[in-house]
Amino acid sequence: MSLQSLLEQATNPLEPGSTVSNPFSTDSFDAAVMSTYTRFPLALERGAGCRVWDTQGKEYLDFVAGIATCTLGHAHPAMVEAVTRQIQKLHHVSNLYYIPEQGELAQWIIQHSCAERVFFCNSGAEANEAAIKLARKYAHTVMDIEKPIIVTANASFHGRTLATITATGQPKYQKYFDPLVPGFHYVPYNDIGAVESAISELDEGDYRVAAILIEPLQGEGGVRPGDTTYFRRLREICDETGVLLIFDEVQVGMGRSGKLWGYEHLGVEPDIFTSAKGLGGGIPIGAMMSKKFCDVFQPGEHASTFGGNPFVCGVALAVCQTLEKENILQNVQERGEQLREGLRAIALKYPHHITEVRGWGLINGLELQADIQLTAADIVKAAIQQGLLLVPAGAKVLRFVPPLIVTEAEINTALQAVDQVLSTVTQ
Ligand SMILES: *Cc1c(COP(=O)(O)O)cnc(C)c1O
């Protein structure tokens with residue numbers, strides 16, 4: 001079935017007068033599931049393209065895409081085909097054996113990036129965890145550092161495992177989970193002096209900086225693009241000192257920025273980089289890529305039961321090939337321009353409420369004034385009423401991360417909804 005016919009069929013998910021087949025209760029959900037999220041009172045049941053429907057049959061334009069994950073939107077024929085094919089053929093074995101789909105996906109990534117070798121896991125946090133372990137082994141075995149330190153940025157986000165909340169330069173994610181993992185140091189983002197002094201000051205006794213772990217564009221931290229001069233200098237410093245340069249591409253990578261990898265915007269290549277969110281178009285997969293030091297890990301030193309199984313790799317490969325075949329990066333660039341232009345026009349209408357619009361491709365943020373009451377979450381709630389799904393990136397930034405297949409008309413609809421919401425909430 002083509003995407004077009006799926007979309008047409010999906011326009012009226014419920015016949016007039018029909019009842020919802022499976023009434024949904026938030027109370028029974030909350031009684032059964034741990035409250036690790038502040039959930040909006042919305043239960044989504046089905047999707048097609050950039051649209052989703054709740055259990056009441058109400059339609060929404062999805063500018064969250066599972067938080068920058070559903071690259072090809074919902075129910076894309078290429079994904080439906082790959083999922084069906086792979087589950088019928090073979091879905092899971094073990095890394096005790098060769099998995100052809102895993103090899104093919106790794107080859108695709110290598111052909112389309114600076115990577116020389118890939119390790120597969122199941123999430124962004126795990127990919128970063130693998131990078132942290134690799135950096136430590138590199139420090140001990142190649143650099144002869146007894147107590148390696150990994151430098152990360154303030155306002156960064158690297159995941160929710162113990163090591164990755166420690167890497168994350170935001171105390172709110174670390175509170176109550178101490179003792180944290182030793183060996184991390186934080187510096188302000190886009191501030192080269194801070195990195196230089198960290199590297200010289202932390203060179204004491206057995207301690208030394210072994211790696212810098214950083215996002216090319218900070219996603220959760222407020223959609224903040226990296227500065228080209230800063231990243232070029234980081235590359236030089238790492239080349240001079242042997243410090244590993246590790247990019248967390250979990251959110252910005254896989255085409256979201258309008259280029260396949262965020263680092264392409266900065267004109268520098270990392271030694272190691274990680275991917276997850278968009279890589280499988282919404283099926284759980286993570287990956288760590290290395291350009292150098294590909295043989296640091298020896299058999300038995302790192303592993304994952306599910307990592308790189310035939311199912312996720314077969315589907316992720318279909319997502320990658322579709323990105324390429326349908327020239328989706330060009331759509332990301334054009335729709336991103338259109339979105340930012342529209343948001344900037346809106347920002348001019350509300351100068352007392354909006355400070356800035358920024359982003360790359362289809363990862364964009366609209367920042368609210370710090371000294372007003374209004375938060376990004378307030379706008380997200382009002383937008384739900386208007387049929388538009390958005391997600392905050394911190395308290396004051398509204399994030400726009402639609403599927404990469406979003407159309408010109410859908411961007412216009414979203415812009416109208418944002419304008420409508422702002423005219424209501426700013427009154
Ligand atoms: C989402 C995210 C992670 C964590 O990914 P999970 O799949 O939730 O573990 C790590 N780094 C960045 C930059 C992210 O955006």
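Every heavy atom of this structure was used, including side-chain atoms; hydrogens, water molecules and symmetry mates were not. In each ligand, atom 1 is the first atom listed, and ligand 1 is the first ligand listed. Remember, predicted model here, so these are calculated numbers, not experimental data.
By the criterion of a heavy-atom distance under 4.0 Å, neither the backbone nor the side chain of A276 is placed next to ligand 1. Counting heavy atoms closer than 4.0 Å to ligand 1, residue I67 contributes nothing at all. Neither the backbone nor the side chain of R160 has a heavy atom within less than 4.0 Å of ligand 1. At a heavy-atom distance under 4.0 Å, only side-chain atoms of E215, from C-beta outward, approach ligand 1.
Screening T161, T168, T166 against T164 for a side-chain hydrogen bond (donor to acceptor under 3.5 Å, both in side chains) leaves a single residue, T161.
If you check which protein heavy atom lies closest to atom 9 (O) of ligand 1, you get A125 N, 2.7 Å.
Aromatic pair F247/F231: centroids less than 6.0 angstrom apart.
Ring geometry, F24 versus F29: the interplanar angle falls from 30° to 60°, so the pair is classed tilted.
Distances below 4.0 Å separate heavy atoms of N128 from the following atoms of ligand 1: 10 (C), 11 (N). Below 4.0 Å from some heavy atom of D248 lie the following atoms of ligand 1, by number and element: 10 (C), 11 (N), 12 (C), 13 (C). Every atom of ligand 1 is numbered from 1 in the order shown, and the set under 4.0 Å from a heavy atom of S123 is 7 (O), 9 (O). Atoms of ligand 1 lying under 4.0 Å from any heavy atom of G159, numbered from 1 in the order shown and given with element: 4 (C), 10 (C). Residue H158 approaches ligand 1 through these ligand atoms, each under 4.0 Å from one of its heavy atoms: 10 (C), 11 (N). Close approach of ligand 1 to K277 is summarised as follows: ligand atoms under 4.0 Å from at least one heavy atom of the residue are 1 (C), 2 (C), 3 (C), 14 (C), 15 (O).
A side-chain N or O of T407 and one of E410 form a donor-acceptor pair less than 3.5 Å apart. Remark: the Y60 side chain and the D54 side chain contain an N/O donor-acceptor pair separated by less than 3.5 Å. Counting only N and O atoms by type, the side chains of Q330 and R335 include no donor and acceptor under 3.5 Å apart. At a cut-off of 3.5 Å, with distance as the only test, no side-chain donor of E408 or Q338 sits close to an acceptor on the other residue.
For the side chain to side chain donor-acceptor pair (under 3.5 Å) condition, the pairs that include at least one residue of residues 306-319, sequence neighbours left out, are H92-N309.
Atom 7 (O) of ligand 1 is approached by the protein to below 4.0 angstrom, counting heavy atoms only.
Here R344 does not pair with E341 in a salt bridge; the nearest charged N to carboxylate O distance is not below 4.0 Å.
Residue-to-ligand polar distances place Q251 within reach of ligand 1: an N/O pair is separated by less than 3.5 Å.
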